[in-house]
Number of protein chains: 2
Amino acid sequence: MLVDPNLPPTIQRSAVPLKEPLHYKKVLEQYDTWLFDCDGVIWTGPAGDTLTPNIGEAIAYLRSLGKGVAFVTNNATRSRRQYQEKFAGFGIDVSIDEIFTCGSATAEYLRANVLPSIKDEAKRNVYLIGQKAMEEEFESEGLKWKGGTDPEDDVLLEPQDFTPIKPDPSIGVVCYAFQMRINYCQLAKAYCYLSANEGCKLILTNDDESFLLPAGGFAPGEGAIARVLFGALPRSYKPEIVGKPHHPLLDVVRRETKFDPKRTVFVGDRLETDVLFAKRGELDSILVWTGISKPENLLGLHRDQHPEYTMSHVGAILDARQADKLPN
Amino acid sequence: MLVDPNLPPTIQRSAVPLKEPLHYKKVLEQYDTWLFDCDGVIWTGPAGDTLTPNIGEAIAYLRSLGKGVAFVTNNATRSRRQYQEKFAGFGIDVSIDEIFTCGSATAEYLRANVLPSIKDEAKRNVYLIGQKAMEEEFESEGLKWKGGTDPEDDVLLEPQDFTPIKPDPSIGVVCYAFQMRINYCQLAKAYCYLSANEGCKLILTNDDESFLLPAGGFAPGEGAIARVLFGALPRSYKPEIVGKPHHPLLDVVRRETKFDPKRTVFVGDRLETDVLFAKRGELDSILVWTGISKPENLLGLHRDQHPEYTMSHVGAILDARQADKLPN
């Protein structure tokens, strides 16, 4: 941790604002792997269509220094392949192996952890509430599913028409990924399987409660919609949540990229997901001001909840290039 | 309360099973107004298409004795008019004023209690999640609404298409009635209004968590779906719930029928809704075995949770006719 000469020593463990070329240089020396959240960090705006300043150049600079980079998002409405295309559309070259969505991580987690834990192979079917992007991730992992974009489930039911909703004892896992075509048929099928099939697991890609709407106000996220299903679960059972701030997403990133936690930093825009996620994974973190959290959100927080550093935007690290020209 | 000679005096305050002609006769003398739940009491089966034994004759017998009858259901998928037609289809003559659904009571409660409590008339618009039956009830009360069966809200949205979901500061009340065409557009609009409009109220017709599916397993009810919206509400705010076991439905029935609570009995099939509803309204209750609750559900319950009486089915009261022929 850098020492901020502007702060008295008693509160030195709060977040250190990175401002000077020398700060950036030292932080660059400190970390070999840089993990980035996407929304609010790489791009901004409800549609995610505006890049943050100099982000492409900053990523290229990190690569030129031999740093590992990866992108870790709680947004499962795009597949890894679609994210790669989105980066390419901005002229940023990113490999598919550098992209981790809570959706891709959920598919890997299902294949590697959840399904093998179900002893009876006849009960390993997955009911998916999710759209094309999730189906792509399932395909990449060689998983089969029921539901998804199946036209039988992509419907508004007629009143009291329960014909499509019947028990299916082969479903051992309900996997729910946020999607805007959610409807009663999907929710009732999931509820029915969770209530009727003993031991049936509920896996969420994330538990984000809400998000800001383009026109103002909030809309319910995956965490809010998933609450419908909680009553179908035994009281002692907690759903498994893959995305930030929970463990499984980071476990998948670590398994795939083999980063050294002591030499890795997570760069995000949200205290309650990104910074908490880093802390639970024992990673340092940098909070940027291009997204949701604002400097005033740090006031009154316990120091343990602070990121190690704050920074105006990711592109600011380019200032490190000036440090070599400065007198020591 | 009758004394059951088969029970020791120490537990005389538990539910008394009605079995003998003399029991029925005494209970008939005790109550002038008989309020009935419908599903599991008047009719049974997931489709509600099978009458309980001798129910039509039992209702006619009550009327012949000069008793007041009314029907009180937590099912808002039919309007009062549609319920009247359903009774008529079974050959049972019921007036529309004798039918109270949580939907009809919600419309009356909105008109009489909720809307007048909103001082700013420009903020008295209601956003309705509900289908034709609820719109009929709103019309009977002279209420206007947005949403309902409006085709703009009766949709499965395309991914990331938030265009229909925008703030509307005129909405002061979100009213949610169970319906199977529930979708993300409706939930997101409701969430947006509740999160963006200060003081916006949430009114539920009931908070039933789940119901048994015709083919087995459970499906989510209004209470489960409504949980999506709770995160949009200020922490101190509790949604207002009209249906059983909550107060407003009984207040509406009492206002309309002017029953005397001391001479009124509620007949239902569920301990946790019907019997609790009666207790909260300080009415006596009779639990019948034609629906959800079973005799074993009374075991281990505190006496305060017991109904005053239990009875195999409503039609059994016809046995009272034999009591006059018995020696005293």
Side-chain angles (χ1 to χ4, degrees), chain A residues 46-48 75 77-78 131-133 153-169 178-197 200 209-221 223-232, chain B residues 46-48 75 77-78 131-133 153-169 178-197 200 209-221 223-232:
Chain A
N75 189 330
T77 60
R78 278 189 168 86
Q131 290 292 302
K132 198 79 210 93
D153 295 6
D154 192 46
V155 288
L156 294 175
L157 293 174
E158 289 308 310
Q160 307 310 101
D161 174 16
F162 292 103
T163 44
I165 306 157
K166 42 186 183 288
D168 179 345
F178 180 81
Q179 52 111 340
M180 293 175 63
R181 299 179 76 81
I182 189 80
N183 59 63
Y184 190 76
C185 181
Q186 296 170 330
L187 289 169
K189 280 191 172 185
Y191 199 99
C192 174
Y193 305 145
L194 291 168
S195 64
N197 298 359
C200 186
E209 267 298 308
S210 63
F211 55 89
L212 198 57
L213 284 161
F218 290 88
I225 308 277
R227 289 196 211 177
V228 173
L229 305 176
F230 291 0
Chain B
N75 190 332
T77 60
R78 278 189 166 86
Q131 290 292 302
K132 199 77 210 95
D153 296 5
D154 192 45
V155 288
L156 294 174
L157 292 175
E158 288 308 309
Q160 307 311 102
D161 174 16
F162 293 102
T163 46
I165 306 156
K166 41 186 185 289
D168 179 345
F178 180 80
Q179 52 112 339
M180 292 178 63
R181 298 180 76 80
I182 189 80
N183 59 62
Y184 190 77
C185 181
Q186 296 170 330
L187 288 169
K189 281 190 171 185
Y191 199 99
C192 176
Y193 306 145
L194 292 168
S195 65
N197 299 357
C200 186
E209 268 298 308
S210 62
F211 54 89
L212 198 58
L213 284 161
F218 290 88
I225 308 276
R227 290 198 210 177
V228 173
L229 305 176
F230 291 179

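Letters A, B, ... mirror the listed sequences (proteins, then strands); counts begin at 1. We use all heavy atoms of the structure for the numbers below, so side chains are in, but hydrogens, waters and symmetry mates are not.
For the set S195(B), G223(B), A196(B), the entry with the most heavy-atom pairs within less than 4.5 Å of chain A is S195(B). Counting heavy-atom pairs under 4.5 Å between each of V155(A), L229(A), I225(A) and chain B puts I225(A) at the top. Among the candidates A226(A), A232(A), G216(A), the residue making the largest number of heavy-atom pairs closer than 4.5 Å to chain B is G216(A).
The two atoms that bring P220(B) and Y184(A) nearest to each other are O-OH, 2.6 Å, heavy atoms only. Residues A215(B) and K166(A) share a closest heavy-atom pair of CB-CB, 3.7 Å. Across all non-hydrogen atoms, the minimal contact from G217(A) to P167(B) is N-CG, 4.4 Å.
Contact annotation for N197(A): neither backbone nor side-chain heavy atoms come within less than 4.5 Å of a heavy atom of chain B. Using a 4.5 Å cut-off between heavy atoms, E209(B) touches chain A through backbone and side chain atoms alike. In this structure, the portions of Q160(A) lying under 4.5 Å from any heavy atom of chain B include both its backbone and its side chain. The contact between P214(B) and chain A is made entirely by side chain atoms (from C-beta outward), counting heavy-atom distances below 4.5 Å. Of the two parts of E158(B), the backbone and the side chain both hold a non-hydrogen atom closer than 4.5 Å to a non-hydrogen atom of chain A.
Side-chain contact between P159(B) and T77(A): absent, with no pair of heavy atoms (C-beta onward) separated by less than 4.5 Å.
Distance check, rounded to the nearest 0.5 Å: CG of L187(B) to CE of M180(A) gives 11.5 Å. For the atom pair NZ of K189(A) and CG of L213(B), the computed distance is 11.5 Å after rounding to the nearest 0.5 Å. For the atom pair CG (L212(A)) and SG (C192(B)), the distance works out to 9.5 Å, reported to the nearest 0.5 Å.
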